[in-house]
K.L.:
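Have a look at the structure that comes next, please.
Convention: sequence-line order gives letters A, B, ...; per-chain numbering from 1. Note that the coordinates shown come from a computational prediction; the quantities given were computed from them, not determined experimentally.
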2 protein chains.
Amino acid sequence: MSNNLSDEYIYKQILKSIVEHQLPPGARLPEDKLSEAFGRSRTSIRKVLQRLALERIVTIAPNKGAQVSRPSEQEAKEVLNSRIMLEPLLIPEVLKRWSNTNSKHFRQMVKAEKQAEKEEDQASLIQLTAQFHYELAHFSGNSVMAEFIEQLCYRSSLIIAAFGSRHSVSCDCGDHLVLIELLDKGEVQRAEKWMRDHLTHIKSSLKLTISDDQKINFQQLFSTMD
Amino acid sequence: MSNNLSDEYIYKQILKSIVEHQLPPGARLPEDKLSEAFGRSRTSIRKVLQRLALERIVTIAPNKGAQVSRPSEQEAKEVLNSRIMLEPLLIPEVLKRWSNTNSKHFRQMVKAEKQAEKEEDQASLIQLTAQFHYELAHFSGNSVMAEFIEQLCYRSSLIIAAFGSRHSVSCDCGDHLVLIELLDKGEVQRAEKWMRDHLTHIKSSLKLTISDDQKINFQQLFSTMD
DNA sequence: GCACCATAAATTGTATACAATATATATGGA
DNA sequence: TCCATATATATTGTATACAATTTATGGTGC
């Protein structure tokens, strides 16, 4: 493989492989193998692995090295619950800045998603789905929040790798187009609700042990729906 | 100084110095000086500095090394706005888990704050104020959110160092006791509102250039208050 | 005195060496 | 055959060496 690659490039490359499920949870990441693959010394690789560890994408055990994180069920719930709380919260700000250009940009992205779906290119589909969410967050104008959400999106991909069912991914797509249309029409509350439901749906598609957290609420289940 | 200190210890030590305004924004953090101070090689120090850089507490410029971050006004606003959004959001969850033990714990903490205030121990006061906020966040049961808020608290300390007025710190204290009493009484909405107002007050105590972001809203200003 | 350039000192970037630890393999006894 | 132990191999942890770059110093001309 070619030489003299920046740390940032190596970081993105490894992250991408994990997010796209090429490197499954638990996969060992030996420093000298990576060192050889990227043609850089172990020093650079360690730096990248430590960064990924801080972001919880990778887990480093003392004297045992790095492996792709195996998120716990607890962590899975917390990450998804965080997204359910935060992403709808940013919708009003996104809408304030919403323009025709944005709309076109995101429609283009949905097109790419559908293309990946048709070609059964799981890797691209996962990556695009996450990208849709964090790019939207970035349009809120609050980059501090957006970067946090971006990390949660990467962690979600890992969580889907660990707890997702066969169709978790494609099913998830649930058509981001609907959201765009709501934003075009300026329907704040419906857009917020869509986002909440969308993420809740992803969460419930995970094969997590049932707990208090997701006891069936018959009241809600059989209430009149819109 | 004594030898063989863990990376974690060094990290906390440097973080503490920055949060407590011993190391002001812009202060250079030369690797070999720190290396000597902690009795470890530059390797360990670099690792710690890189972590702090990812957390935005420190800024590393290529070939120029690390210095304590100088947050921009934009960043200051985004961090505070994020806290204004998030911390009230966690109040309901905190309340669900609220117990007499918690109450006592936080009352103890307020006592310590007041002690620090009386002794004019600015460093402790800043640290305790931040700690109050992030410990509360941890009692929400969502550690993913709590860790993010913890980071935002550290960044806030840095922001106060950069943009705070003389009495930003002591004034801020605005009595955390009030919040505890609201939680004791189970007043969710009032507690949420208290938190929002408290953080908004901190934000407006900063010497930031006036922008759209904080134009005076007369409507709101002269509305009937409770 | 001040700007400018050359040189010296200090500081960071990167690779590598060696020690410490963990994992894998092989050997011997029950 | 299986398990325990010893040895060998592989892998990580840490310090250090050297190159690359920046910052400081000093001298020269104007």
Side-chain angles (χ1 to χ4, degrees), chain A residues 1-18 22-72 158, chain B residues 1-18 22-72 158:
Chain A
M1 186 162 278
S2 61
N3 222 349
N4 206 17
L5 308 168
S6 81
D7 293 346
E8 185 68 16
Y9 174 83
I10 297 173
Y11 163 77
K12 284 190 177 150
Q13 206 68 13
I14 297 177
L15 176 61
K16 187 165 183 274
S17 299
I18 296 173
Q22 254 101 46
L23 288 169
R28 310 205 85 254
L29 302 168
E31 293 175 2
D32 48 359
K33 297 287 193 323
L34 292 170
S35 169
E36 202 179 343
F38 289 106
R40 302 283 315 255
S41 80
R42 278 177 53 217
T43 312
S44 315
I45 303 298
R46 280 179 77 82
K47 185 177 164 186
V48 169
L49 290 176
Q50 270 152 14
R51 173 171 177 189
L52 288 165
L54 287 174
E55 293 170 352
R56 312 292 179 134
I57 302 299
V58 146
T59 302
I60 297 178
N63 287 316
K64 289 185 164 189
Q67 56 178 62
V68 178
S69 292
R70 284 190 223 267
S72 68
L158 199 52
Chain B
M1 185 163 277
S2 61
N3 221 350
N4 207 15
L5 308 167
S6 81
D7 293 346
E8 186 68 16
Y9 173 83
I10 298 173
Y11 163 77
K12 283 190 177 150
Q13 206 68 12
I14 297 177
L15 176 61
K16 187 165 182 274
S17 299
I18 295 174
Q22 254 102 45
L23 287 170
R28 310 206 84 254
L29 302 167
E31 293 175 2
D32 48 358
K33 297 288 192 324
L34 293 169
S35 169
E36 204 179 340
F38 288 106
R40 302 283 314 259
S41 81
R42 278 177 52 216
T43 312
S44 315
I45 302 298
R46 280 179 76 82
K47 185 177 165 185
V48 169
L49 290 176
Q50 270 151 15
R51 173 171 177 189
L52 287 165
L54 287 174
E55 293 171 353
R56 312 292 179 132
I57 301 299
V58 146
T59 302
I60 296 177
N63 288 314
K64 290 185 164 188
Q67 57 178 66
V68 178
S69 292
R70 283 189 224 269
S72 68
L158 198 52

K.L.:
Minimum heavy-atom separation for Ser69(A) and Arg56(A), please, with both atom names.
P.N.:
OG-O, 3.1 Å
K.L.:
Going 5' to 3' along DNA chain C, between which two nucleotides do contacts with chain B fall, using a heavy-atom cut-off of 4.0 Å?
P.N.:
dT11(C) to dT14(C)
K.L.:
What's the CG-C1' distance between Asp32(A) and dT11(D), to the nearest Å?
P.N.:
7 Å
K.L.:
Which is more 5' along DNA chain C, the nucleotide nearest Ala66(B) or the one nearest Ser44(A)? Just name the residue.
P.N.:
Ala66(B)
K.L.:
When the distance from CD of Glu36(A) to C1' of dT11(D) is rounded to whole Å, what number comes out?
P.N.:
14 Å
K.L.:
Nearest 0.5 Å, what's the CD1-OG distance between Ile10(A) and Ser35(A)?
P.N.:
9.0 Å
K.L.:
Can you name the side-chain hydrogen bond (donor to acceptor under 3.5 Å, both in side chains) partners of Ser17(B), sequence neighbours left out?
P.N.:
none
K.L.:
If I take atom CG in residue Leu29(A) and atom C1' in nucleotide dT12(D), what distance separates them, rounded to the nearest angstrom?
P.N.:
14 Å
K.L.:
Would a distance-only check, ignoring hydrogens and angles, find a side-chain to backbone donor-acceptor pair under 3.5 Å from Arg28(B) to Lys64(B)?
P.N.:
yes
K.L.:
Give one of base, sugar-phosphate or nothing for Lys33(A), where a contact means two heavy atoms less than 4.0 Å apart.
P.N.:
sugar-phosphate
K.L.:
What is the distance from CG of Asn63(B) to P of dA19(D), rounded to the nearest Å?
P.N.:
16 Å
K.L.:
Measure from the side-chain N and O atoms of Arg51(B) to the backbone N and O of Glu8(B), and report whether any donor-acceptor pair falls under 3.5 Å.
P.N.:
no
K.L.:
How far apart are the closest heavy atoms of Leu49(A) and Ile60(A), and which atoms are they?
P.N.:
O-CD1, 3.9 Å
K.L.:
What integer distance in Å separates Arg28(A):CZ from dA10(D):P?
P.N.:
15 Å
K.L.:
Would you kindly give the CD1-to-P distance between Ile60(B) and dT22(D), to the nearest whole Å?
P.N.:
16 Å
